[in-house]
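Everything on this sheet refers to the single structure shown next.
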Number of protein chains: 2
Amino acid sequence: MNSQSEEDYLKALYHLEMEFDSVSTNSIADYLDMKPSSVTDMLKKLAEKKFINYQKYKGTSLTKKGKLIALSIIRKHRLWETFLVDKLGFGWDQVHIIAEQLEHIKSEELIKNLDNFLGNPKYDPHGDPIPNKDGEIEKMNQKLLVELKASQKGIITGVKKGTASLLNYLDKEKVKLGDSIKVIEILEFDGTYIVEINKRKLTFSEKICQNLLLETND
Amino acid sequence: MNSQSEEDYLKALYHLEMEFDSVSTNSIADYLDMKPSSVTDMLKKLAEKKFINYQKYKGTSLTKKGKLIALSIIRKHRLWETFLVDKLGFGWDQVHIIAEQLEHIKSEELIKNLDNFLGNPKYDPHGDPIPNKDGEIEKMNQKLLVELKASQKGIITGVKKGTASLLNYLDKEKVKLGDSIKVIEILEFDGTYIVEINKRKLTFSEKICQNLLLETND
DNA sequence: ATATTTTTTTAGACTAAACTAAAAATTACA
DNA sequence: TGTAATTTTTAGTTTAGTCTAAAAAAATAT
């Protein structure tokens with residue numbers, strides 16, 4: 001059984017590997033708000049357990065084993081976030097801190113049952129994909145709505161950082177994450193998009209289209 | 001903020017105080033499966049924080065402050081157990097270990113929302129009362145069905161220790177914890193009870209009546 | 001190419017929460 | 001009541017995970 005701290009490091013490693021192509025001791029320390037010397041200690045331990053590839057001064061990367069654990073934590077985190085928003089009525093911006101705690105609860109059965117209870121969701125309330133029990137994560141082709149041409153389709157998965165208010169707007173328009181969207185027409189003169197969501201026609205300004213994230217299948 | 005370990009001790013103290021009138025270092029060690037010397041260390045710490053009254057060699061008791069914390073942990077434990085059984089479909093006998101972990105999650109808001117989501121239950125799946133947010137616990141008049149006379153009423157709150165199979169039986173008969181029960185008639189010659197639950201007449205053997213726990217209001 | 005700066009690691013210390021072994025206090029009993 | 005048994009505490013050790021300060025390695029710049 002891995003400690004909470006080990007799990008936090010593996011998760012951090014995963015996120016950093018996604019975002020950058022090499023992961024340094026300092027970047028981990030920054031991410032986790034710890035001192036580099038503490039990170040070095042933990043990296044040795046994780047290497048010992050074969051969760052990471054690590055050579056002094058040479059940076060680090062997750063092994064297959066380590067990545068699977070990271071993904072299982074992320075799965076739990078995102079399922080719990082979904083629970084908090086869908087069932088307990090939290091706002092999507094309030095759930096992260098609580099899910100950081102819940103993700104460390106140890107019980108396979110619990111997660112299996114929670115997943116079923118939630119209806120086996122594929123995306124969490126922020127639009128991030130939820131890995132399945134084998135750690136497979138839908139590799140999204142994340143795009144902005146503005147990148148689509150007329151007649152193309154996608155699934156709404158989130159909004160860009162710092163555009164919280166857009167989510168509120170979408171909510172008011174009864175548009176939810178996970179909804180399918182299809183581009184009907186793009187107006188030449190101001191870049192306005194006419195789209196169809198849930199069989200309803202909606203009009204989005206160019207600004208909105210630059211901040212709305214979609215998953216596409218091309 | 002109190003540590004998980006501190007919370008475990010306070011909860012143990014509460015349960016031991018309920019069951020026995022004086023709580024010794026050894027009894028705590030037994031209950032928590034730890035060495036007495038470890039317990040002494042923690043008692044000093046808890047006394048320092050004014051959670052317990054403690055004098056060397058003289059046993060210990062919870063202060064008001066300590067008892068409130070214990071009750072808040074028990075509240076969380078029982079709400080989570082209710083969630084696991086009512087919503088996730090766990091058996092009442094599978095949930096304790098998971099709830100031991102969940103009870104330490106820190107978020108007032110979470111518990112408030114969970115409580116509402118569950119419909120503000122008053123009893124957990126084992127029939128134990130759930131303290132309210134101020135630590136008030138319904139003092140039940142716990143009785144066995146066999147102690148009731150004809151026409152008396154109660155609420156089914158659980159079964160006696162070691163009679164797991166009875167719960168299964170009740171389940172099959174569509175009798176749930178929290179259901180109201182009324183004694184219609186008691187047969188002289190074998191002590192069989194005819195009772196009414198959910199407007200249905202049911203027949204319980206004397207053995208069943210000796211193991212079925214009720215809350216009554218006398 | 002060497003000196004300076006930055007990054008990373010090492011060495012040693014700290015804290016919380018457990019432990020073992022031994023000492024001290026209390027309780028039990030003959 | 002005095003000795004033996006039991007309970008509790010003390011003293012010192014361990015482990016996990018953090019820290020600071022200093023040393024070592026790598027990267028950068030003149």
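Numbers restart at 1 for each chain; the letters A, B, ... are given by sequence-line order, proteins then strands.
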- B/Tyr9 side-chain proximity, nearest of C/dA25, D/dA26, C/dA18: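 The answer is C/dA18, which lies nearest to the side chain.
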- Can you tell which of C/dT8, D/dT18, D/dT9 lies closest to the side chain of A/Ser5?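 Minimum distance to the A/Ser5 side chain belongs to D/dT18.
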Give the rounded distance in Å between these two atoms: [atom1] of [X] and [atom2] of [N].
X: A/Glu7; N: D/dA16; atom1: CD; atom2: P; result: 16 Å
X: A/Asp41; N: C/dT10; atom1: CG; atom2: P; result: 9 Å
X: B/Lys56; N: C/dA25; atom1: NZ; atom2: C1'; result: 10 Å
X: A/Met42; N: C/dT10; atom1: CE; atom2: C1'; result: 18 Å
X: A/Asp30; N: C/dT8; atom1: CG; atom2: P; result: 10 Å
X: A/Tyr57; N: D/dA26; atom1: OH; atom2: P; result: 7 Å
X: B/Lys44; N: D/dA11; atom1: NZ; atom2: C1'; result: 10 Å
X: A/Met1; N: D/dA16; atom1: CE; atom2: C1'; result: 17 Å

Do [Y] and [X] meet the salt-bridge criterion of a basic N to acidic O distance under 4.0 Å?
X: B/Glu109; Y: B/Lys112; answer: yes
X: A/Lys176; Y: A/Asp171; answer: no
X: A/Glu6; Y: A/Lys49; answer: yes
X: B/Lys106; Y: B/Glu7; answer: yes

- Message: Are A/Phe83 and B/Phe83 an aromatic pair, judged by ring center distance below 6.0 Å?
- Response: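 Close enough - the centres of the two rings lie under 6.0 Å apart.
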- Count the heavy atoms belonging to other residues, nucleotides or ligands that lie under 6.0 Å from CG of B/Asn120, then report whether that count exceeds 12.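 Buried by this count: over 12 neighbours within 6.0 Å.
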- Query: Crowded around B/Lys87 NZ? As in, over 12 foreign heavy atoms under 6.0 Å?
  - Reply: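 Atom NZ in B/Lys87 is packed in, count exceeds 12.
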- Task: For A/Thr40, report the nucleic acid contact type (base, sugar-phosphate, nothing); a contact means any heavy atom under 4.0 Å.
- Result: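 If one applies the 4.0 Å heavy-atom cut-off, A/Thr40 turns out to touch a base.
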- Taking the nucleotide of DNA chain D with the closest heavy atom to each, which residue, B/Tyr54 or A/Lys58, is nearer the 5' end?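 It is B/Tyr54, whose closest nucleotide lies nearer the 5' terminus.
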- Item | Short side-chain N/O contact from B/Asn26 to OP1 or OP2 of D/dT6, under 4.0 Å |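 So the side-chain polar atoms of B/Asn26 never come under 4.0 Å of the phosphate oxygens OP1 or OP2 of D/dT6.
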- Of all of residues 32-39 of chain A, which get a heavy atom below 4.0 angstrom from DNA chain C, listed by number?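 Hits under 4.0 Å, by residue number: A/Pro36, A/Ser37.
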